[in-house]
Amino acid sequence: MDDFSKAIDECLKILEENVDILADLEVDLEDEKENEIVPNLELHQLYDMTEDVSQASKLKQAEINLVKRQTEDL
């Protein structure tokens with residue numbers, strides 16, 4: 001039983017490390033998409049796009065924090 005407990009602890013450590021790495025990669029990929037330049041936008045379109053980016057960033061960070069909390073609870 002002790003070996004099983006150690007194996008679970010080791011798997012959780014590996015999972016936690018990989019969740020952080022994958023979350024960072026996902027954020028980097030999203031940042032690349034957000035940095036694309038779209039020509040000839042109207043001012044209201046730029047404002048809407050800024051709002052969308054802000055909300056998406058907040059949601060992504062909330063998702064990352066939730067996953068981290070869930071892995072810590074295991």
Side-chain angles (χ1 to χ4, degrees):
M1 189 67 165
D2 191 41
D3 291 338
F4 184 67
S5 177
K6 287 180 184 179
I8 290 176
D9 287 340
E10 188 175 321
C11 287
L12 288 175
K13 281 183 181 180
I14 292 169
L15 177 63
E16 184 177 334
E17 290 170 3
N18 288 324
V19 164
D20 291 340
I21 291 169
L22 291 173
D24 290 342
L25 286 172
E26 183 178 13
V27 168
D28 290 344
L29 289 173
E30 287 298 318
D31 285 345
E32 277 185 31
K33 280 194 226 175
E34 291 171 3
N35 290 335
E36 290 179 8
I37 296 175
V38 179
N40 302 325
L41 290 177
E42 298 291 327
L43 185 58
H44 67 88
Q45 292 171 315
L46 288 171
Y47 180 80
D48 290 344
M49 194 166 62
T50 302
E51 287 288 317
D52 291 344
V53 168
S54 174
Q55 290 176 356
S57 295
K58 289 177 186 177
L59 285 172
K60 285 292 178 189
Q61 190 59 46
E63 290 173 354
I64 291 167
N65 290 338
L66 176 64
V67 170
K68 285 181 181 179
R69 282 195 303 274
Q70 288 176 338
T71 57
E72 288 173 358
D73 290 340
L74 296 176

Enquirer: Sequence neighbours excluded, which residues qualify as side-chain contact (heavy atoms from CB on, under 4.5 Å) partners of Lys13?
Expert: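 Partners of Lys13 by the side-chain contact (heavy atoms from CB on, under 4.5 Å) criterion come out as none, since no residue qualifies.
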
Enquirer: Listed by chain and number, what are the side-chain contact (heavy atoms from CB on, under 4.5 Å) partners of Glu42, not counting sequence neighbours?
Expert: His44, Gln45

Enquirer: Report the residues that fulfil side-chain contact (heavy atoms from CB on, under 4.5 Å) with Asn65, sequence neighbours left out, ordered by chain and then residue number.
Expert: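 Expected list: Gln61, Arg69.
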
Enquirer: Just to verify, what does Leu43 make a side-chain contact (heavy atoms from CB on, under 4.5 Å) with, not counting sequence neighbours?
Expert: none

Enquirer: Would the distance check show the side chain of Thr71 and the main-chain N or O of Val67 forming a donor-acceptor pair, the cut-off being under 3.5 Å?
Expert: yes

Enquirer: Tell me the salt bridge (charged side-chain N to carboxylate O under 4.0 Å, His left out) pairs involving residues 50-66, sequence neighbours left out?
Expert: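 Pairs touching residues 50-66 that pass the test: Glu26-Lys60, Lys60-Glu63.
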
